[in-house]
2 protein chains.
Amino acid sequence: MSGYHVAVVGATGAVGTRMLKMVEQSPLPIASVKALASKRSAGKKLPYADTELTVEELTDDSFEGIDIALFSAGGSVSKRFAPSAVKAGAIVVDNTSAFRMDPEIPLVVPEVNPEALRSHHGIIANPNCSTIQMVVALEPIRKAFGLKRIMVSTYQAVGGAGQRALNELAAESKAYLDGDVTKVTPEILPVSGDKKHYQMAFNLLPQIDVFEDDAYTHEEWKMIHETKKIMKGDMDDPELKVTATCVRVPVPVSHGEEVYFEVEDQNATADDIRAALTGAPGVIVQDDPAHQIYPQPAIAEGTRDVYVGRIREDAENPGFFHMWNVSDNLLKGAAWNSMQIAETMDAMGLIQPK
Amino acid sequence: MSGYHVAVVGATGAVGTRMLKMVEQSPLPIASVKALASKRSAGKKLPYADTELTVEELTDDSFEGIDIALFSAGGSVSKRFAPSAVKAGAIVVDNTSAFRMDPEIPLVVPEVNPEALRSHHGIIANPNCSTIQMVVALEPIRKAFGLKRIMVSTYQAVGGAGQRALNELAAESKAYLDGDVTKVTPEILPVSGDKKHYQMAFNLLPQIDVFEDDAYTHEEWKMIHETKKIMKGDMDDPELKVTATCVRVPVPVSHGEEVYFEVEDQNATADDIRAALTGAPGVIVQDDPAHQIYPQPAIAEGTRDVYVGRIREDAENPGFFHMWNVSDNLLKGAAWNSMQIAETMDAMGLIQPK
């Protein structure tokens with residue numbers, strides 16, 4: 001069968017299982033799919049279309065004959081094995097932070113900067129989930145009115161920390177409702193690799209990823225640098241100012257973001273912003289306060305778009321606006337954006353099926 | 001027994017029960033306590049110290065001999081009955097929005113503007129919960145460095161919508177974890193009096209209180225106007241710019257707030273801000289990223305202080321800072337601030353026990 005030979009690395013995870021689903025639903029011709037994971041998961045069965053895949057152990061030899069390799073098994077796995085995949089002739093779409101800051105590697109959201117794909121050397125980085133949904137919603141505004149300043153407060157879902165974090169939230173929530181949350185000892189959240197772990201159920205944790213020395217978290221710096229690299233081509237661009245606060249909330253899937261931003265065109269109105277977003281690629285405007293219509297994680301989960309609402313002017317600061325966006329962090333924020341990169345490369349003629 | 005005769009109006013509610021607790025724990029001499037509520041609740045027993053109170057129906061005659069009346073039974077009840085309490089000689093501390101915008105009525109947070117109590121005419125308004133915790137944390141900063149601009153994103157607990165909202169969150173959360181959240185039909189949240197109701201469990205709802213015509217919610221305007229009135233004495237003061245986005249999160253008690261603000265003194269550093277907050281009245285600094293110390297609702301619940309952390313500079317915008325604050329919205333945001341107003345009036349000689 002002619003078509004693309006695809007490998008998913010980290011296939012058993014919260015993102016990996018969804019990557020398989022995105023491959024399954026892709027309009028690209030798919031010749032074969034390989035599910036790769038650590039030795040521990042080898043032999044496990046995963047559903048795919050009307051059949052199932054047997055998980056294989058990831059090795060340097062896994063990529064023989066592979067055209068597209070989607071990676072989502074952690075930064076160290078990507079650093080170790082992405083070069084093997086490139087050497088075997090595959091293009092790698094990497095959903096970890098391993099290569100995002102590398103100036104030689106394109107960091108791509110197809111609705112925003114597809115042209116960056118042309119300069120790839122085999123690896124394309126998929127941005128951080130919280131960055132992706134924000135830039136999809138801001139790019140139509142930047143194009144129409146210019147963008148000077150972004151100040152974002154995130155309300156991030158637990159699924160971003162992986163399947164074990166989701167299990168921990170569910171177990172803790174049950175224990176809490178049974179009257180004793182201490183029956184479950186937190187071992188994963190807020191950050192599995194950090195020293196302390198805290199209750200997430202019915203709580204808020206203002207820490208996503210580890211802290212840097214400057215009291216920002218790594219997640220907050222990812223949003224700042226990645227947004228600049230995607231929107232302006234330079235992760236240190238001083239012309240677009242970005243600042244962020246990232247907070248984990250007890251929601252399983254779909255991040256919310258309050259984005260406060262300043263446009264260059266001080267004559268822009270909230271209606272103008274709404275008009276610029278209506279029909280923009282990847283964006284669905286849900287903004288009708290009179291009928292209580294606004295984006296919600298429970299509604300966004302399982303879909304591929306970025307939902308935008310609560311668009312309004314700051315009455316006292318001309319050129320400043322608010323908007324609230326919600327998107328499925330495991331799909332548009334990860335699995336879908338990765339597969340969408342592959343589909344975009346196919347459409348641009350940057351890859352061809354064998 | 002000599003001392004204050006106290007009445008709590010709305011004594012059976014989420015705030016009212018906590019007001020009784022604050023009266024019980026007060027160092028003021030308390031001669032008697034009366035629990036008032038609607039006819040529906042009359043006869044109900046409520047715990048108080050090592051005894052119990054029998055709830056009485058609220059009428060115009062309820063305030064005979066009362067010195068201090070704490071109201072938390074909704075704006076219409078306050079409008080209807082606060083004048084009767086004042087006529088009977090009581091001072092009213094009102095925890096509804098009924099009188100907050102009245103320029104003749106002091107709107108008080110004791111740590112911030114106690115002097116405003118001197119101009120009272122019998123009624124003192126207790127601010128909105130989300131406003132209180134923010135101004136307690138900002139006032140020491142305003143005093144030390146001046147304050148030009150406040151941009152707040154709230155993460156507000158369900159308890160702010162009352163006991164029935166808390167019950168709804170618990171029931172929905174159970175149904176969700178049992179695999180079918182639709183077994184519970186939302187009837188209260190986001191706003192009991194509004195037309196549509198949505199799932200709150202494991203979800204985010206960017207609506208608190210009803211929408212105004214300008215696409216802001218009433219809660220957002222409360223934060224804007226009340227903050228100006230408390231900090232500057234004028235709810236339309238254009239010198240202090242305030243903007244807000246209010247979001248309900250699936251947390252029972254204690255609001256979180258990401259406060260982004262600009263100070264006048266552009267030489268101020270994050271260390272300076274932290275120093276100004278350390279030891280400030282009503283504030284506890286919990287800000288040690290290296291040891292993952294930051295404010296959390298699950299830790300703040302049941303306490304009276306405002307916890308502040310995640311203090312850091314915006315590297316690209318001199319004079320702009322972030323902080324994350326958390327406080328028990330039913331205590332400092334309501335019951336405690338109300339009783340604290342009475343205690344402050346006693347300390348200032350504005351009221352005396354009989």
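Numbers restart at 1 for each chain; the letters A, B, ... are given by sequence-line order, proteins then strands.
Here the closest heavy-atom approach between residue A/Tyr294 and residue B/Pro190 is recorded as OH-CG, 3.5 Å. Taking both residues in full, the closest heavy atoms of B/Ile293 and A/Lys196 are given as CD1-NZ, 3.5 Å, listed atom of the first, atom of the second, then distance. Of all non-hydrogen atoms in A/Tyr155 and B/Thr154, the two that sit nearest each other are OH-O, 2.7 Å. Across A/Asn317 and B/Lys241, no two heavy atoms sit closer than the pair OD1-CD, 3.4 Å. Between A/His291 and B/Tyr198, the closest heavy-atom pair is O-OH, 4.2 Å. When every heavy atom of B/Tyr260 is checked against every heavy atom of A/Met151, the shortest pair comes out as CE2-SD, 3.3 Å.
Here B/Ala298 is the residue among B/Ala315, B/Pro295, B/Ala201, B/Ala298 with the most heavy-atom pairs under 4.5 Å with chain A. Of the residues considered (B/Lys195, B/Arg149, B/Lys174, B/Gln199), B/Arg149 shows the highest number of contacts with chain A, using heavy-atom pairs under 4.5 Å.
Annotation: the span from B/Asp314 atom CG to A/Thr245 atom OG1 amounts to 9.5 Å, rounded to 0.5 Å. With values rounded to the nearest 0.5 angstrom, B/His197 atom NE2 is found 7.5 Å from A/Gln292 atom CD. For the atom pair NE2 of B/His322 and OG of A/Ser153, the computed distance is 7.5 Å after rounding to the nearest 0.5 Å. To the nearest 0.5 Å, atoms CH2 (B/Trp324) and CG (A/Leu205) are separated by 9.0 Å. The line from CZ of A/Arg312 to OG1 of B/Thr217 is 7.0 Å long, rounded to the nearest 0.5 Å. Between B/Asn203 atom CG and A/Gln296 atom CD the span is 5.0 Å, to the nearest 0.5 Å.
Contact annotation for B/Phe211: only side-chain heavy atoms (C-beta onward) come within less than 4.5 Å of a heavy atom of chain A. Of the atoms belonging to B/Ala290, it is backbone heavy atoms, and not side-chain ones, that fall under 4.5 Å from chain A. With a 4.5 Å cut-off on non-hydrogen atoms, B/Glu212 does not touch chain A at all. With a 4.5 Å cut-off on non-hydrogen atoms, B/Ala157 does not touch chain A at all.
The environment of CG in B/Asp213 is sparse: at most 12 heavy-atom neighbours from other residues, nucleotides or ligands sit within 6.0 Å. Residue B/Asp180 places its CG atom among more than 12 non-hydrogen atoms of other residues, nucleotides or ligands, all under 6.0 Å distant.
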Go through the steps to decide whether A/Thr243 and B/Phe320 satisfy the test side chain to side chain contact (heavy atoms under 4.5 Å, CB included), and finish with yes or no. CA-CA 10 Å; A/Thr243 190; B/Phe320 283 83; over 6 Å; no
Side chain to side chain contact (heavy atoms under 4.5 Å, CB included) between B/Leu204 and A/Val326, intermediate numbers included: CA-CA 9 Å; B/Leu204 301 167; A/Val326 172; 5.7 Å; no
Candidate pair B/Tyr176 and A/Ser173, rule side chain to side chain contact (heavy atoms under 4.5 Å, CB included), full reasoning: CA-CA 10 Å; B/Tyr176 181 96; A/Ser173 299; over 6 Å; no
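A/Glu316 contributes no side-chain N or O that, together with a main-chain N or O of B/Pro238, makes up a donor-acceptor pair within less than 3.5 Å.
Using a cut-off of 4.0 Å between Lys/Arg side-chain N and Asp/Glu carboxylate O, A/Glu220 and B/Arg310 are scored as salt-bridged.
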